[in-house]
Amino acid sequence: MDKIIYMDHAATTYIKEEVLNEMYPYFKKYYGNPSSQYSISMNSRMAIELAKEKISKGLNCTPEEIYIVSGASEADNWAIKGFALANRCKGNHIITTKIEHEAVLNSCRYLEDIGFDITYLPVDNKGFIKLEDLKKSIRNDTILVSIMFANNEIGTIEPVGEIGRICRENNIVFHTDAVQAFCKIPIDVKKMNIQMASLSAHKIYGPKGIGALYIKKGIKIHSLIHGGAQERGKRAGTENVPLVVGFGKAVELGLDCMEEESIRLSRLRDELIDKLSEIEKVEINGPLGENRLPNNVNVSFPGIHGEDLVFLLDREGICVSSGSACQASAMEPSHVLLALGLDKKIAKSSIRLTLGYTTTKEDIYYVVDKLKEIVQKVRKSNKEMQN
């Protein structure tokens, strides 16, 4: 295969060369345990603190409010379970949505099993919650609202600032899974009244297996991992210094080009949507314009199974997905698309294309041309089989 066109950046990204170069010395030269007292460990400690400074700039918080974790799934679990268990005396009601990442949904289901009451807000046919639904769902015993910043499958950017305002007015803590939004669109936890936010490095050209949870100073939260006194006693385990360093560098690079890259990707996204709309019987899922992530396109091809399209495109050197990578092995249609009101057959006919740093206009045209060929062939074959 001569050419690979990667259009699954929402699933993961490659590590940028600058990130790898920044990480390398901490594998061989500065390998000391950050908790030890000798000089080579001092370098490790300082590297972690510097990385936290870089990460905090992406949220407009302090470095002391950044806690390093193994990834976004751990961050979501910790934010929801840790906060709920620490504040159960204040109430046992939590509000989330039907389109959250499975790390949030399954954390909420776990809490339901041990006696918490969870409200799952519906969304409209573009993936937006209704603020009035949120207001009506708030009760005297509501302690937490967890609503993602931007959806990983359809790119919908929720009205986070308004959600934060409603939470502040009702004295409720607001957590957001900001994984897909971080370093793609501006996030200000102070202006948006966000008390906790989950982040991941491998979505922004950093290493896998590392993430962070922003916890506003003063928030009461239980630890989920017990052991040593790392992360100010809140999250035990020897820090993976090279990965933390890589995360910090990826954030630094991402913030430096965020505005410019967002404009570039938005133009490519819109070009892709326009070209895809030329295909007969095609449906774009999610919103259009500025309320959608700049790199996200989700599209349905009625009558064709999305997983078949993924396989056939792969044979042409094109990498896309039929939904969230975390659900790739599941046979059920996307819970996000079902929440939009799509029937199961349409939901199963969908693929997600997410653009990235190396995506070009030529890539867009090539992918659409191949899709046109494949869709035409599959539909013709299906029609012949029916006759």
Side-chain angles (χ1 to χ4, degrees), residues 65 67 69-123 127 129-130 133-153 158 160 163-164 166-168 170-180 189 193-200 211-216 218-227 231 233-237 324 326-327 330 332 334-336 338-339:
E65 294 173 308
Y67 294 85
V69 296
S70 64
S73 288
E74 183 188 336
D76 285 340
N77 273 260
W78 187 14
I80 293 167
K81 296 176 187 174
F83 182 84
L85 295 173
N87 294 275
R88 198 168 193 173
C89 60
K90 298 178 182 178
N92 74 333
H93 181 231
I94 295 169
I95 300 172
T96 188
T97 79
K98 293 182 178 181
I99 63 168
E100 298 297 311
H101 189 278
E102 290 290 349
V104 169
L105 294 176
N106 284 331
S107 292
C108 288
R109 289 167 189 145
Y110 167 81
L111 290 176
E112 282 183 299
D113 289 341
I114 61 172
F116 282 84
D117 192 7
I118 314 293
T119 295
Y120 299 91
L121 296 177
V123 294
I129 69 155
K130 294 179 180 177
D133 287 344
L134 173 60
K135 292 176 184 178
K136 290 178 181 177
S137 298
I138 292 172
R139 310 183 326 204
N140 290 334
D141 60 344
T142 305
I143 57 173
L144 178 67
V145 169
S146 180
I147 296 175
M148 66 194 334
F149 205 111
N151 188 266
N152 53 308
E153 291 193 39
E158 298 294 344
V160 173
I163 295 168
I166 292 168
C167 289
R168 182 180 65 244
N170 290 275
N171 198 29
I172 297 167
V173 168
F174 176 32
H175 162 255
T176 187
D177 180 328
V179 169
Q180 295 294 335
V189 295
N193 194 54
I194 299 168
Q195 283 80 47
M196 294 187 287
S198 302
L199 311 173
S200 178
L213 179 64
Y214 153 71
I215 306 174
K216 184 179 179 179
I219 294 295
K220 185 179 178 183
I221 188 167
H222 280 182
S223 297
L224 297 188
I225 299 177
H226 302 96
E231 294 302 292
K234 281 185 164 57
R235 200 273 186 181
S324 168
C326 304
Q327 293 181 287
E332 290 299 310
S334 160
H335 71 282
V336 174
L338 294 180

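These values consider heavy atoms only, across backbone and side chains, with no hydrogens, waters or symmetry-generated copies. Note that the structure is a prediction, hence the values are computed from the model and not measured.
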One pair to check against side-chain contact (heavy atoms from CB on, under 4.5 Å): Lys216 and Val189. What are the steps and the verdict? CA-CA 9 Å; Lys216 184 179 179 179; Val189 295; over 6 Å; no
Determine, stepwise, if the pair Asn151 / Val123 fulfils side-chain contact (heavy atoms from CB on, under 4.5 Å). CA-CA 12 Å; Asn151 188 266; Val123 294; over 6 Å; no
Please determine whether side-chain contact (heavy atoms from CB on, under 4.5 Å) holds for the pair Arg235 and Leu213, giving the CA-CA distance in whole Å, both sets of side-chain angles, and the decisive distance to 0.1 Å. CA-CA 11 Å; Arg235 200 273 186 181; Leu213 179 64; over 6 Å; no
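When all heavy atoms of Leu111 and Ala84 are compared, the pair lying nearest together is CD1-CB, 3.6 Å. Closest approach of Ala339 to Ile99, counting heavy atoms only: CB-CG2, 3.6 Å. The shortest non-hydrogen separation linking Ala178 to Phe149 is CA-CB, 4.0 Å. In terms of heavy-atom proximity, Glu100 sits nearest to Thr97 at OE2-OG1, 2.7 Å. Contact detail for Thr96 and Cys108: the closest heavy-atom pair is CG2-SG, 4.0 Å. The shortest heavy-atom contact between Ala79 and Met196 is O-CE, 3.5 Å.
Taking the side chain as every heavy atom from C-beta outward, Tyr120 and Leu105 approach each other to under 4.5 Å. You'll find the side chain of Glu158 stays beyond 4.5 Å of the side chain of Thr176, heavy atoms only. With contacts defined as side-chain heavy-atom distances shorter than 4.5 Å, the pair Ile163/Ile129 qualifies. Contact check for Val179 versus Asn152: no side-chain heavy atoms found under the 4.5 Å cut-off. Between Lys135 and Asn170 the shortest side-chain heavy-atom distance does not fall below 4.5 Å. Contact check for Phe174 versus Arg168: no side-chain heavy atoms found under the 4.5 Å cut-off.
Side-chain contact check for His101 and Ser73: no donor-acceptor pair (N or O, by modelled atom type) lies under 3.5 Å.
How far CD1 of Ile118 is from OG of Ser137: 12.0 Å, rounded to the nearest 0.5 Å. Trp78 CH2 to Phe83 CZ: the interatomic distance, rounded to the nearest 0.5 Å, is 13.5 Å. Here NE2 of His226 is found 12.0 Å from NZ of Lys234. Values are rounded to the nearest 0.5 Å. Once rounded to the nearest 0.5 Å, the distance linking CG of Leu224 with CD of Glu74 reads 7.5 Å. The CZ atom of Arg88 sits 11.0 Å away from the NE2 atom of His222 when rounded to the nearest 0.5 Å. Interatomic distance, CG of Asn92 versus CG of Leu85, reported as 11.5 Å (0.5 Å rounding).
Among residues two or more places apart in sequence or in another chain, the side chain to side chain donor-acceptor pair (under 3.5 Å) test is passed with Gln195 by Asn193. Taking Glu231 as the reference, Lys52 meet the salt bridge (charged side-chain N to carboxylate O under 4.0 Å, His left out) condition, with sequence neighbours excluded. Residues passing the side chain to side chain donor-acceptor pair (under 3.5 Å) test with Asp133: none are found, sequence neighbours excluded. The side chain to side chain contact (heavy atoms under 4.5 Å, CB included) test applied to Thr142 returns His93, Ile95, Ile138, Arg139, Ile172, not counting sequence neighbours. Considering only residues two or more places apart in sequence or on other chains, Arg109 meets the side chain to side chain donor-acceptor pair (under 3.5 Å) condition with Glu102, Asn106. Checked against side chain to side chain contact (heavy atoms under 4.5 Å, CB included), Ser107 has the following partners two or more places apart in sequence or in another chain: Asn77, Ile80, Lys81. Partners of Lys90 according to the side chain to side chain contact (heavy atoms under 4.5 Å, CB included) rule, which considers only residues two or more places apart in sequence or in another chain, are Asn87, Ile143. Take Glu65 and apply the salt bridge (charged side-chain N to carboxylate O under 4.0 Å, His left out) test, not counting sequence neighbours, and it matches no residue. Partners of Ser200 under the side chain to side chain donor-acceptor pair (under 3.5 Å) rule, at least two apart in sequence or in another chain, do not exist in this structure.
The number of heavy-atom neighbours closer than 6.0 Å to CG of Asn171, taken from other residues, nucleotides and ligands shown, is 12 or below.
The main-chain N or O of Ser198 is never found under 3.5 Å from a side-chain atom of Asp76 such that the two would form a donor-acceptor pair.
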